[in-house]
Q: 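Here it is: the structure, laid out below.
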Amino acid sequence: MDAERLQEEMLLKCLRQQLDEFHMLSSIFCNPGELHVDNYSFVDNINAYIEGETKRLNAKLDYQLNLPLLDAEKVQIRIELPHLYPAIEIPLVVVRSARFPRDQERSITERIEQYIYQEVLDKSEPYVFQIVSWIQDNFEELTKFDDPSKSLGQPSSNVSQSSRGVVFERLWIYSHHLKSKTKRQTILKTARDLDLSGFSRPGKPAIICVEGHQKDTQDFWRTIRPLKWQHIQLKLSELEQLESSSDDVLVDEKRRFQGFREELFTEVDGQNDEQVPMSMSLFMKFLDKHDSGYIRKELFGFDLPENVV
């Protein structure tokens, strides 16, 4: 099965899951005004795409919950689902109230995103209801707003560097595509300047892995994330506290890759065109060679057979 066919099957699966979840939420939040959809044609369009009646997706599925979370006022929970939610992409969840200034709204959104990265362990099934339940249970704590400048959106673990040692980190990053030569050069230069090992797979989809000192991997993520992407997501952060704060040998021992380079995973020798479809077979062999076969589920939402092509 080629990469394009695999992506289409994944898309159809995600869209079916989104509609099933939407209907489930409609039955839970069934009081008048609790669940609101601005335009039901979006739902009809997704149904038509699944049934093969159209080959064009007009928009993403989005809807709004209006819940009594504040005294004498309902709070809006706006949910927008990218097409590859839940397998690859995460939902955008925005909590709005007339009482919240813009900075506080942004802070709440980032804390919800942090919750998704850290607490939603199974992203193969829809989890919007899990997020909404968490918002309801933790609303008072979630809406505390003390320091607008504090960064709450880092999806990595709470493990931090200290006098006890350094933290080794390996980041797995997924993007819809990577074609810009400038962006590719920025990724290569940043990774090498920070002494990170790993690889970058340009094309569609794009996959990036970097490993090294956590302070350096986080610098890398902060550098590339603001670049113009159609979609980019940190799929997994692997962390390990090391004993020594002065010995880089311990970090090097944890590395699975030598240096940082681009990998195309194409069947044609010498091919340097990111437009060529990625060979899933070569990619899986590469992951297995570097003791990273487990990441296939994180990247694609389900385990791929060993002989996938």
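One is the number of the first residue; the rest follow in order along the sequence.
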Q: For the pair Phe286 and Phe283, name the ring-plane relationship: parallel under 30°, tilted 30 to 60°, perpendicular over 60°.
A: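 Rings of Phe286 and Phe283: parallel, as their planes differ by under 30°.
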Q: Do NZ/NE/NH1/NH2 and the carboxylate oxygens of Arg256 and Glu211 come within less than 4.0 Å?
A: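 Answer for the salt bridge query: no.
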Q: Quick one: do Val75 and Asn66 satisfy side chain to side chain contact (heavy atoms under 4.5 Å, CB included)? Show the steps, please.
A: CA-CA 6 Å; Val75 173; Asn66 302 297; over 6 Å; no
Q: Once you round to the nearest 0.5 Å, how far does NE2 of His177 lie from NZ of Lys204?
A: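 If I round to the nearest 0.5 Å, the distance is 8.0 Å.
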Q: Tell me whether Arg106 is salt-bridged to Asp103, with the criterion being a basic N under 4.0 Å from an acidic carboxylate O.
A: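 So Arg106 pairs with Asp103 through a salt bridge.
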Q: Should the pair Arg261-Glu263 be classified as a salt bridge under the 4.0 Å nitrogen-to-oxygen rule?
A: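 A salt bridge links Arg261 with Glu263.
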Q: Whether the Trp134 and Glu119 side chains hold a donor-acceptor pair (N or O, under 3.5 Å, no angle test) is what I'd like checked.
A: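 No, because no side-chain N or O of Trp134 sits under 3.5 Å from a partner of the opposite role on Glu119.
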Q: Quick check, are the ring centers of His290 and Phe257 under 6.0 angstrom apart?
A: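 Yes, the ring of His290 comes within the 6.0 Å limit of the ring of Phe257, centre to centre.
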Q: Within a radius of less than 6.0 Å around CZ of Arg99, do more than 12 heavy atoms belonging to other residues, nucleotides or ligands occur?
A: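 Yes, because the 6.0 Å sphere around CZ of Arg99 holds more than 12 heavy atoms from other groups.
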Q: Under 6.0 Å between the ring centres of Phe260 and Phe199?
A: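 Not under 6.0 Å, so no.
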Q: If the test is side-chain contact (heavy atoms from CB on, under 4.5 Å), which one of Ile88, Leu61, Leu11 qualifies with His83?
A: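 The side-chain contact (heavy atoms from CB on, under 4.5 Å) with His83 is passed solely by Leu11 among Ile88, Leu61, Leu11.
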Q: Can you tell which of Asn31, Leu35, Val132 makes a side-chain contact (heavy atoms from CB on, under 4.5 Å) with Leu67?
A: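 Testing Leu67 for a side-chain contact (heavy atoms from CB on, under 4.5 Å) against Asn31, Leu35, Val132 leaves exactly one candidate, Val132.
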Q: Roughly how far apart are Ile116 CD1 and Gln118 CD, rounded to 0.5 Å?
A: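 Separation between the atoms: 11.5 Å.
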Q: Considering residues, nucleotides and ligands other than Glu140, do more than 12 of their heavy atoms fall under 6.0 Å from its CD?
A: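 Not more than 12 within 6.0 Å, no.
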Q: In this structure, are over 12 heavy atoms from other groups packed under 6.0 Å from Lys254 atom NZ?
A: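 No, the 6.0 Å shell around NZ holds no more than 12 heavy atoms from other groups.
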Q: Look up atom CG in Asp20 and atom CG in Leu15, then write down how far apart they are to the nearest 0.5 Å.
A: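 Result: 11.0 Å between the selected atoms.
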Q: Any chance the side chains of Glu169 and Ser237 put a donor and an acceptor closer than 3.5 Å?
A: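 On atom types as modelled, these side chains qualify, holding a pair under 3.5 Å.
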Q: Taking atom types as modelled and ignoring hydrogens, do the side chains of Glu21 and Tyr85 form a donor-acceptor contact shorter than 3.5 angstrom?
A: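 Tyr85 and Glu21 do have a side-chain donor-acceptor pair below 3.5 Å.
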Q: Is Gln258 atom CD crowded by more than 12 heavy atoms from other residues, nucleotides or ligands, each under 6.0 Å away?
A: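 At most 12 heavy atoms, drawn from other residues, nucleotides or ligands, come within 6.0 Å of this atom.
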Q: Strictly below 4.0 Å, N to O, side chains only: are Glu262 and Arg184 in salt-bridge contact?
A: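 Answer for the salt bridge query: yes.
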Q: Kindly say whether Thr143 contributes a backbone atom to a donor-acceptor pair with the side chain of Gln104 at under 3.5 angstrom?
A: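 At least one qualifying donor-acceptor pair exists.
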Q: Quick test of your reading of the model: are Asp38 and Arg78 salt-bridged, counting only N-O distances below 4.0 Å?
A: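 Yes.
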Q: How about Tyr127 and Tyr115: are their ring centres within less than 6.0 Å of each other?
A: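 No, the ring of Tyr127 stays outside the 6.0 Å limit from the ring of Tyr115, centre to centre.
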Q: Between Arg5 and Glu8, does any NZ, NE, NH1 or NH2 come within less than 4.0 Å of an OD or OE carboxylate oxygen?
A: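 Result for this pair is no, no salt bridge flagged.
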Q: State the CD1-NZ distance between Ile50 and Lys13, to the nearest 0.5 angstrom.
A: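 That separation rounds to 13.5 Å.
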